[in-house]
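Working notes, structure below.
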Amino acid sequence: MTIDAPSALVDVAARELTEADRTSLDAAIVEVTAGAAKWAATPLTDRARLLAEVHACLTRQAGRWVRSSVDIKRLEPGSPLTGEEWTSGPYATIAGAGTLAATIGKLARGSRPLDGIRFGSAPGGRVTVPILPHDAHEALLLNGFSAEVWMPPGVTETTVRERAGLGQLHPGDNGGVGLVLGAGNITSIPPLDVLYEIVANNRAVVLKLNPTLAPLMSVYAAALAPLITFGVLRIVQGGSAVGSYLAHHDGISHVHITGSSITHDVVVFGPGAEGARRKKAGTPLLAKPMTSELGGVSPIIVVPGKWTKRDLRYQAEHVATMRLHNGGYNCIAGQVVVVSAEWPQKQAFLAELRSAIDRAPARHAWYPGSQARLAAAEKTYPTAEKLGVDGCRLFIDLTSSSDASTIEHTEYFSPVLGIIEITGSGQAFLDRAVESVNRDFLGTLGANVIVQPRDRKALGRGFDEAIANLKYGTIGINAWTGLGFLTAAAPWGAFPGHTLNDVGSGIGVVHNAFLIDSPERTVVTGPFRPFPRSFAHGEWALFPKPPWFVTARSAARTGELLSGYASGPSWAKMPAVFVSAFRA
């Protein structure tokens with residue numbers, strides 16, 4: 001790795017800033033300011049080449065990246081859980097960089113990112129853009145899964161095609177310097193946010209790492225070395241004093257944060273009582289645009305049907321994964337399951353769900369504050385069941401309770417799963433569930449719906465209308481919304497409409513490697529059953545138990561192979577991926 005400036009990496013301890021600290025941070029901003037001008041003068045062909053170099057560097061650092069992540073999260077090196085670090089770290093970033101490079105390359109050749117893609121439609125006068133699978137490789141590799149982007153009502157296909165490309169349609173524009181306040185939980189988030197700022201918005205970037213991921217600083221520096229050498233990226237780390245100094249620096253033109261709404265409000269309005277007063281008055285302290293991804297309480301709506309015992313067990317493992325992936329420290333973790341009070345199999349499903357949560361692999365509570373949040377949940381719900389080897393997973397059955405407001409309004413960011421019930425069956429249940437989560441749940445980042453295919457078919461247009469009424473940025477139908485995060489071309493962010501004063505799950509999107517302008521949501525769909533049971537029930541899906549399931553025994557090897565595949569997709573790499581996946 002070659003880094004051509006002493007301030008390319010700035011490490012400030014968690015303390016008040018000294019004059020020397022400010023000088024180093026100021027120098028980093030000056031350097032990327034020059035880098036933004038250099039990027040604005042760079043032709044698309046050279047930009048695509050630079051992204052291809054990043055793609056190669058990411059690939060070379062993948063192994064070291066995962067080893068460092070495993071240390072941070074205190075996983076056993078040989079554990080299947082290390083597969084999470086492969087798929088949500090290198091794999092997602094390598095795939096994202098590769099797709100962005102291809103998008104810029106397409107524009108450089110005079111084409112548009114969405115050329116050759118056949119659009120669809122959704123209720124409410126919406127056009128839809130299919131983004132998964134986007135080629136024959138993906139059609140086989142993720143057989144049975146699909147994803148599409150829904151545009152806001154009334155936006156025409158012509159408009160979508162013409163505007164796809166965002167900043168790369170105007171490569172001479174200089175977006176100035178953006179500050180990325182990186183997440184501390186999923187290791188692909190900081191580099192993917194950096195790439196999106198540079199490509200979608202023509203901004204150079206100062207990336208401030210979350211202290212939790214501080215050990216990854218040298219890995220990120222090596223993986224993103226072409227951007228550092230080019231001058232469009234500097235990486236810094238430190239505590240809140242560093243973030244505050246940078247966010248309010250005159251040299252920063254835009255701020256993007258992945259984190260909590262509390263941190264967001266401190267940046268925008270300031271801390272304490274004075275910050276609260278500014279928020280109430282609608283007078284932000286931050287005098288520049290800010291985008292964000294802030295999590296929320298994600299619902300899991302279970303449409304009642306007649307399921308087999310194997311269906312009950314599989315979908316219980318599916319829900320357990322939505323809650324326990326990464327230890328429960330995900331902004332998109334499912335937190336509240338919504339079931340029908342009239343479902344004859346409700347108790348059987350809840351019994352399988354308890355079992356799935358209880359037997360999932362043990363892991364350390366590695367994310368700061370987890371124990372305090374668990375204690376708070378237990379204090380609010382003293383009848384919560386403690387599951388897992390160490391009893392650190394809370395299962396809160398509120399089906400006989402009239403007050404679930406706390407768990408609906410509190411993102412616990414820890415292994416806490418609640419169950420609530422709503423009356424009705426079929427369309428009546430689904431409509432009530434959609435109305436309930438839209439009205440009562442915190443945030444709009446992601447929602448999950450589990451439905452047997454024949455029940456979905458029976459609901460027909462009513463099911464599609466219910467999905468249209470579900471106001472979330474990513475919706476998973478028989479597929480965890482986390483797959484939307486992992487899909488490079490999928491826009492990732494809250495449902496549009498939030499403001500700085502009422503930020504909800506955030507403002508704007510990231511990822512979005514086809515550079516679609518102003519999407520409304522992403523809808524991901526998967527098979528209700530894994531292969532081979534899928535074939536027995538007419539779903540024709542070849543995918544076995546997904547490697548992101550917390551119960552997938554071969555997840556580590558499959559994640560590593562998927563990362564290798566993303567580094568250079570080819571038919572020759574697929575057999576090894578399939579062999580490993582089928583051992584899950």
Side-chain angles (χ1 to χ4, degrees), residues 1 3-5 7-12 24-42 47 50-51 53-55 57-58 93 96-97 100-101 104 166-168 171 173-184 187-210 213 216-217 219-238 242-259 267 286 288-293 492 508-513 515:
M1 177 184 67
I3 300 175
D4 59 359
S7 54
L9 304 176
V10 180
D11 189 353
V12 179
S24 295
L25 295 170
D26 291 347
I29 293 173
V30 168
E31 288 155 7
V32 289
T33 300
K38 183 179 178 182
W39 177 259
T42 300
R47 294 181 180 193
L50 181 64
L51 265 289
E53 292 174 10
V54 172
H55 184 262
C57 284
L58 290 166
T93 314
L100 281 170
I104 298 175
L166 299 179
Q168 300 312 294
D173 289 355
N174 183 337
V177 177
L179 169 65
V180 169
L181 298 172
T187 63
S188 62
I189 294 176
L192 283 172
D193 289 354
V194 164
L195 290 169
Y196 195 70
E197 280 291 279
I198 293 170
V199 175
N201 300 301
N202 287 323
R203 294 187 187 110
V205 175
V206 175
L207 166 63
K208 193 206 84 78
L209 295 182
N210 186 295
L213 298 188
L216 276 165
M217 189 172 189
V219 174
Y220 287 148
L224 301 173
L227 301 178
I228 295 173
T229 301
F230 187 88
V232 289
L233 174 64
R234 293 292 179 261
I235 303 175
V236 307
Q237 65 179 348
V242 174
S244 178
Y245 180 77
L246 290 170
H248 296 278
H249 196 289
D250 288 342
I252 297 292
S253 59
H254 180 273
V255 178
H256 178 79
I257 181 174
T258 301
V267 173
L286 188 72
K288 62 195 68 174
M290 186 171 181
T291 53
S292 49
E293 193 267 81
W492 181 255
V509 300
V510 290
H511 302 188
N512 190 25
L515 303 178

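Note that the structure is a prediction, hence the values are computed from the model and not measured.
The heavy-atom pair separating Ala97 from Leu51 by the smallest distance is O-CD1, 4.3 Å. Closest heavy-atom contact between Leu286 and Ala247: CD1-O, 3.4 Å. Across every non-hydrogen atom of Gln237 and Lys208, the tightest pair is CA-CG, 4.4 Å. Summarising the geometry of Gly251 relative to Val177, their closest heavy-atom pair is O-CB, 3.6 Å, with the distance given to 0.1 Å. Heavy-atom minimum distance, Thr42 versus Arg47: O-NE, 3.0 Å. Taking both residues in full, the closest heavy atoms of Ala200 and Leu166 are given as O-CB, 3.6 Å, listed atom of the first, atom of the second, then distance.
Annotation: side chain of His249 is in contact with side chain of Ile29 (closest heavy-atom distance under 4.5 Å). Contact check for Leu50 versus Trp39: side-chain heavy atoms found under the 4.5 Å cut-off. Asn201 has its side chain out of reach of His254: every pair of non-hydrogen atoms, C-beta onward, lies at least 4.5 Å apart. Two residues are said to be in side-chain contact when any heavy atoms from C-beta on lie closer than 4.5 Å; Leu100 and Leu515 meet this criterion. A heavy-atom distance below 4.5 Å is found between the side chains of Tyr220 and Leu213. Val199 has its side chain within reach of Gln168: a pair of non-hydrogen atoms, C-beta onward, lies under 4.5 Å apart.
Taking CG from Leu224 and OG1 from Thr229, the interatomic distance works out to 10.5 Å, rounded to the nearest 0.5 Å. The NE2 atom of His511 sits 8.0 Å away from atom CD of Glu293, with the distance rounded to the nearest 0.5 Å. Here Ile252 contributes atom CD1 and Met290 contributes atom CE; the two are 12.0 Å apart, rounded to the nearest 0.5 Å. A distance of 11.5 Å separates CG of Leu209 from OG1 of Thr187, quoted to the nearest 0.5 Å. Between Leu233 atom CG and Leu207 atom CG the span is 6.5 Å, to the nearest 0.5 Å. Note that the CG atom of Asp193 and the CH2 atom of Trp492 stand 12.0 Å from one another [nearest 0.5 Å].
Using a distance-only test at 3.5 Å, with no hydrogens or angles considered, a donor-acceptor pair links the side chain of Ser253 to the main chain of Gly175. Listed for the Asn202 side chain is a donor-acceptor partner under 3.5 Å among the backbone atoms of Gly167.
Between Arg234 and the choices Val32, Val205, Leu227, Leu25, the side-chain contact (heavy atoms from CB on, under 4.5 Å) rule is met once, by Val32.
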